[in-house]
Amino acid sequence: VSDHSSDVIGALTKELHQLGVSIHLHTEVKRVVGEGRFEYLETKDGKKITGDACIVATGGLSYRSTGSTGDGFRFAENVGHKVTQCFPSLVPMETKEPWICELQGLSLRNVEAKILDGKKELYKDFGEMLFTHFGVSGPLIISASSYVGKKFMDKNGQKKELTLEIDLKPALTEEQLDQRVLRDFEENHNRQFKNAITKLFPTKLIPVMLELGGIDPEKKVNSIEKEERKQLPLNCSPTQLIEKNSRRSCNVGYFFFRT
């Protein structure tokens, strides 16, 4: 056993040749023709390929770079099958925020993700997520996409606004969280705000929180008022959640942190 995929391809190709199977590489199929039974394939250049049967194994439409462009659904419709509306599922989410790129590679554990349609909660779960150069991914986010895919459009086929919330400290109540912040502030009461939050956030997240938090990074912790502390649950700018692989726009939402 070589563990090389090329050897698997070689073995399959050899068997196909021995069975007299014709292989057409780099050949785009335009349509499948047949009424009640398969008649022939028509290629993009007008060639017709006949056979006893046709097995469609094109994949879906979520990973275009591998050839999954949705042709299989079109072929199915050509021969009379009913195809329901397709929705993105098990895909990462892309965001509009310019600061997302700064967090690329940052992995968060034990966080809670919630997706809302207005005030209605569509999805909530606890787990791990990852920031990427285009947005957010990881098990928690990919699982969320499978639950909200059908909610990306309204009844008229128009994009809807959804909200993505990420709770960095889901195990703490608001009161417990405030006490935690106060404890960190008391330990660093003579330090600047930017140097007093190293225990609250991952290092890579601190510059973003300073930029979005509304508190002067140079301000001494002992002069930060209660109302300023309440600014720590941060509301960030609009996000767009899309199906990453096919780059099809799915919905516009908002991205929140509760810290």
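This one's a predicted model, so the numbers in the text were calculated from it and none came from an experiment. Numbering starts at 1 and runs along the sequence shown. Values below: all heavy atoms of this structure, side chains included; hydrogens, waters and symmetry mates excluded.
Classification of Glu77 and Lys82 as a salt-bridged pair fails, no side-chain N sitting under 4.0 Å from a carboxylate O. Ion pair Glu218/Lys194 flagged as a salt bridge, since at least one NZ, NE, NH1 or NH2 atom sits closer than 4.0 Å to an Asp/Glu carboxylate oxygen. Between Lys120 and Asp117, no side-chain nitrogen of the basic residue sits less than 4.0 Å from a carboxylate oxygen of the acidic one, so the salt-bridge criterion is not met.
Using a distance-only test at 3.5 Å, with no hydrogens or angles considered, no donor-acceptor pair links the side chain of Asp167 to the main chain of Glu112.
If you take NE2 on His189 and NZ on Lys220, they are separated by 9.5 Å, rounding to the nearest 0.5 Å. To the nearest 0.5 Å, the span separating CZ on Arg74 from OG1 on Thr69 amounts to 7.5 Å. Put simply, NZ on Lys48 and CZ on Arg31 are 7.5 Å apart, with the number rounded to the nearest 0.5 Å. Asp45 contributes atom CG, which lies 10.5 Å from atom NZ of Lys30 (distance to the nearest 0.5 angstrom).
Under a cut-off of 6.0 angstrom, the local environment of NZ in Lys47 is sparse, with at most 12 non-hydrogen atoms contributed by other residues, nucleotides or ligands. For Gln18, the CD atom is densely surrounded, since the number of other residues' heavy atoms within 6.0 Å is greater than 12. Annotation: Phe126, atom CZ; neighbour count of heavy atoms from other residues, nucleotides and ligands within 6.0 Å is above 12.
Between Val32 and Phe38 the shortest side-chain heavy-atom distance falls below 4.5 Å. Under the 4.5 Å side-chain criterion, counting only non-hydrogen atoms from C-beta, Phe75 is not in contact with Val79. Between Thr198 and Ile206, some side-chain heavy-atom pair lies under the 4.5 Å cut-off.
Not counting sequence neighbours, the partners of Arg191 by the side chain to side chain contact (heavy atoms under 4.5 Å, CB included) test are Asn188, Asn195.
Nearest heavy atom pair, residue Leu116 against residue Glu121, reads CD2-CA, 3.4 Å. Contact record, Asn222 with Asn190: ND2-OD1, 3.3 Å, taken as the closest heavy-atom pair. In terms of heavy-atom proximity, Gly72 sits nearest to Val56 at CA-CG1, 3.9 Å. Of all heavy-atom pairs between Cys54 and Leu41, the closest is SG-CD2, 3.9 Å. In terms of heavy-atom proximity, Val221 sits nearest to Ala196 at CG2-CB, 3.3 Å. Taking both residues in full, the closest heavy atoms of Val91 and Ser145 are given as N-OG, 2.9 Å, listed atom of the first, atom of the second, then distance.
In the hydrophobic clustering of this structure, Tyr147 groups with Ile141; members are Ile, Leu, Val, Met, Phe, Trp, Tyr whose side-chain heavy atoms approach within less than 4.5 Å, directly or through other members. When hydrophobic clusters are built by joining Ile, Leu, Val, Met, Phe, Trp and Tyr residues whose side-chain heavy atoms come closer than 4.5 Å, directly or via intermediates, Leu130 is not grouped with Ile115. In the hydrophobic clustering of ILVMFWY residues, with side-chain heavy atoms under 4.5 Å counting as a link, Leu16 and Val8 come out apart.
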Next on the checklist: Walk me through whether Thr58 and Asp71 qualify under side-chain hydrogen bond (donor to acceptor under 3.5 Å, both in side chains).
Outcome noted: CA-CA 7 Å; Thr58 61; Asp71 286 341; over 6 Å; no
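Figure legend: Lys219 and Phe193 shown without cation-pi pairing, the cationic atom not lying both under 6.0 angstrom from the six-membered ring centre and within 45 degrees of its axis.
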